[in-house]
Amino acid sequence: MTKRSLFKNAAAATLALTLALPSASAFAAKQSATSLAPVREAAESFGAQVHWLSGSQTILVTKDSHKLVLTLGSAEALFDGKPVALSEPVRIAEGRALIDAEFLTEAFEVKDPAQSKANDGTQDPADLFLKALLAGDGAEAAKYVSASSSYALPAAMLNQLWTNYETVFGKAAGTPSKSQSANSVHRNVTYAFQTSAIPMNLTLRLNAAGEIDDMYIAAATSSGAYQKPAYEDSAAYTEREVTVGEGAMALPGTLTLPAAGEGPFPAVVLVHGSGTNDRDEAIGGGKPFRDLAVGLAAQGIAVLRYDKVTYEHTFKVAADPKFTLKKETVDDALKAVALLKKTPEVDVSRIFVAGHSQGGYAMPLITAGDSNGDIAGTILLSGPSGKFADVLAEQQAELVSRVKQLGQDTTPYEQQAAVYTSIAAMVNDPQYTVDHMPEQFPIQPAYWWFEQKNYVPAELAKQQSGPMLILQGENDWQVTMKQFAGWKTALQNRKDVTFKSYPQVNHLLAKADGLSIGAEYAQPSNVSKEIIDDISAWVRGIQ
């Protein structure tokens with residue numbers, strides 16, 4: 001629940017899609033082995049639009065004046081009204097429709113967007129940008145940056161950026177490995193570096209024109225630790241890629257829909273905790289938002305989750321000196337609600353918003369911003385009830401106490417606690433405001449902290465109404481039971497609020513053996529089935 005990187009993670013690897021393909025000469029099916037890729041990701045990576053026509057089990061792909069109609073289970077498609085053969089029938093796997101990626105790009109005569117800025121007409125602009133970045137040549141690197149992101153990635157900063165990275169992660173050794181994936185907003189090219197200190201991943205986010213639109217860097221994490229929950233049934237849900245919002249800060253997301261029934265279904269928007277979270281809110285061996293999505297969809301509830309703005313647009317966010325909680329969390333949650341209102345499979349009268357950790361902390365602000373009354377109810381999952389700075393100090397004291405109970409050396413934890421307690425005291429100091437902030441505030445942007453220094457979620461919620469479900473793990477050190485008690489005290493006169501806490505459950509909403517201090521986050525974990533069942537029962541009970 002701190003502004004540290006508790007929830008930081010590298011982008012989850014997906015099917016790599018190579019766009020540099022030969023010029024299309026025919027649509028005949030190839031006899032050689034084919035490479036299947038998700039239709040939506042493959043098509044949207046070169047600017048095509050994808051529409052799922054659920055009533056007829058068909059998918060419409062359009063770009064410019066061309067139309068491709070695909071039918072699930074069929075090895076024949078229609079391109080501009082003419083039948084064409086596919087090497088493999090269109091199929092569903094893990095909720096995604098798959099197609100021969102090469103056929104798709106040849107059909108629309110796609111050329112590699114990398115060629116637009118490559119020196120020799122063949123190189124990926126991501127590689128060229130990286131080469132200049134490693135050389136400390138900011139002016140050259142800036143040539144590959146989109147005009148809309150030039151303020152966030154200026155040449156002067158790019159001159160020193162790699163040197164700064166190596167100060168933190170250590171000197172890079174050897175040639176990095178490269179992988180890529182695509183979502184509804186960016187083509188993501190990730191370079192994995194082995195360094196002298198901490199292995200790291202650098203992800204370059206490219207727009208449809210093949211320009212660098214943003215970047216994301218994080219310590220490399222072990223892949224494969226996450227395990228699907230026992231309650232997951234892949235046949236019980238379908239998923240499709242969606243886009244939350246529009247323009248320069250649009251966010252890619254996933255809409256998970258129940259496979260049984262035609263709907264419209266009640267739906268839940270998932271709102272992240274603090275940090276740079278992806279749509280799964282992945283950390284270590286857990287993916288809490290993915291678990292919630294598949295678990296709830298199996299019980300007839302649609303779920304929308306999306307990559308957080310600090311994850312998808314990291315440098316653009318960092319370049320905003322007046323970045324606020326509203327910009328980080330509130331605005332996008334409301335945009336997600338607006339998207340669900342336009343989704344045919346969703347019951348627009350039963351759209352709920354669930355916030356985890358900081359997402360729960362921001363929930364009263366989200367409710368206040370819902371001027372049209374589109375939100376049918378809210379769910380708080382380990383959400384703080386008090387001021388953010390106070391929660392920061394409280395969680396550190398709780399961590400030290402727990403480490404001491406376990407008989408471990410508390411020295412490093414006490415040192416960390418002292419740092420964060422001093423930060424909290426600085427935020428609470430009445431002399432400091434957004435108009436008069438400390439010159440050397442250690443966590444940037446300072447504006448984020450001082451703009452909301454007097455915001456108390458429970459006090460705002462006390463003035464509001466509407467069904468509310470507040471759930472809390474009793475084994476959570478990041479948001480403690482004191483915060484849960486704060487909600488109960490503040491909202492004791494509200495008759496529309498339901499409270500429940502869970503023994504053993506930690507901050508990742510998973511049951512943990514023993515006292516949680518966060519070390520268990522690295523191990524595979526899943527959201528408690530009891531939590532999913534309780535959310536499902538509560539949502540279905542709100543009419």
Side-chain angles (χ1 to χ4, degrees), residues 1-2 6-7 229-231 270-274 281 283-289 291-292 295-296 354-363 378-388 390-408 410 413 417 420 457-458 461 468-492 494 497-539:
M1 179 55 203
T2 68
L6 279 169
F7 289 133
Y231 48 76
L270 299 180
V271 184
H272 327 73
S274 61
E281 206 182 48
I283 173 174
K287 294 183 178 182
F289 278 13
D291 291 347
L292 287 167
L296 290 173
H356 178 224
S357 195
Q358 182 182 296
Y361 169 80
M363 194 61 68
T378 57
I379 303 163
L380 278 64
L381 304 166
S382 291
S385 57
K387 294 198 294 184
F388 202 95
D390 294 343
V391 175
L392 182 65
E394 178 185 295
Q395 71 172 202
Q396 294 302 310
E398 177 69 17
L399 181 58
V400 170
S401 173
R402 290 182 174 219
V403 171
K404 186 176 296 184
Q405 290 179 57
L406 293 172
Q408 299 180 17
T410 61
Y413 296 95
Y420 284 108
M468 198 173 188
L469 176 64
I470 301 180
L471 306 180
Q472 174 70 41
E474 296 177 14
N475 198 11
D476 186 342
W477 65 270
Q478 291 181 249
V479 178
T480 71
M481 289 295 288
K482 292 179 182 177
Q483 298 300 314
F484 186 60
W487 287 113
K488 281 190 168 183
T489 299
L491 306 183
Q492 59 184 317
R494 280 185 55 173
V497 183
T498 301
F499 300 91
K500 186 171 182 180
S501 64
Y502 303 85
Q504 293 185 275
V505 169
N506 65 11
H507 194 63
L508 301 190
L509 310 178
K511 288 185 177 180
D513 295 328
L515 203 58
S516 170
I517 58 171
E520 77 278 9
Y521 295 175
Q523 302 304 314
S525 70
N526 298 109
V527 172
S528 168
K529 177 66 158 48
E530 188 178 359
I531 291 176
I532 290 174
D533 290 343
D534 287 342
I535 293 174
S536 175
W538 182 82
V539 166

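The basis for the numbers below is simple: all heavy atoms, side chains too, and nothing from hydrogens, waters or symmetry mates. All of these numbers come straight from a predicted model, not from anything done at the bench.
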Test item: Asn506 and Asp476 side chains (from C-beta on) under 4.5 Å apart, heavy atoms
no
Is Asp533 salt-bridged to Lys529, cutoff N-O under 4.0 Å?
yes
Applying side chain to side chain contact (heavy atoms under 4.5 Å, CB included) to Val479 and Tyr361, what does each step give before you reach the verdict?
CA-CA 10 Å; Val479 178; Tyr361 169 80; over 6 Å; no
Could you check whether Thr480 and Glu394, counting side-chain N and O atoms only, form a donor-acceptor pair closer than 3.5 Å?
yes
Please name all residues satisfying side-chain contact (heavy atoms from CB on, under 4.5 Å) with Thr498, sequence neighbours left out, ordered by chain then number.
Leu469, Trp538
Can you tell if the side chain of His356 reaches within under 4.5 Å of the side chain of Leu270, non-hydrogen atoms only?
no
Can you find a heavy atom in the side chain of His272 that is under 4.5 Å from one in the side chain of Phe289?
yes
Side chain to side chain contact (heavy atoms under 4.5 Å, CB included) between Val539 and Leu296, worked out:
CA-CA 10 Å; Val539 166; Leu296 290 173; over 6 Å; no
Quick one: do the Asn475 and Ser516 side chains pair a donor with an acceptor below 3.5 Å?
no
Are the side chains of Val527 and Val505 in contact, using a 4.5 Å heavy-atom criterion?
no
Using the side chain to side chain contact (heavy atoms under 4.5 Å, CB included) rule, take Phe499 and Leu380 through it: C-alpha gap first, then chi angles, then the decisive distance, then the call.
CA-CA 10 Å; Phe499 300 91; Leu380 278 64; over 6 Å; no
Just wondering, do Gln478 and Ser357 contact through their side chains at under 4.5 Å, heavy atoms?
no
Could you list the residues that satisfy side-chain contact (heavy atoms from CB on, under 4.5 Å) with Ser385, not counting sequence neighbours?
Ala458, Gln483, Trp487
Report the C-alpha distance between Met468 and Leu491 in whole Å, list the side-chain angles of each, state the deciding distance to 0.1 Å, and finish with yes or no for side chain to side chain contact (heavy atoms under 4.5 Å, CB included).
CA-CA 10 Å; Met468 198 173 188; Leu491 306 183; 4.0 Å; yes
For Lys500, give me all partners under side-chain contact (heavy atoms from CB on, under 4.5 Å), at least two apart in sequence or on another chain.
Leu471, Tyr502, Glu530, Asp534
Student check: side-chain heavy atoms of Ile517 and Gln408 closer than 4.5 Å:
yes
Do the non-hydrogen side-chain atoms of Tyr231 and Asp291 ever get within less than 4.5 Å of each other?
yes
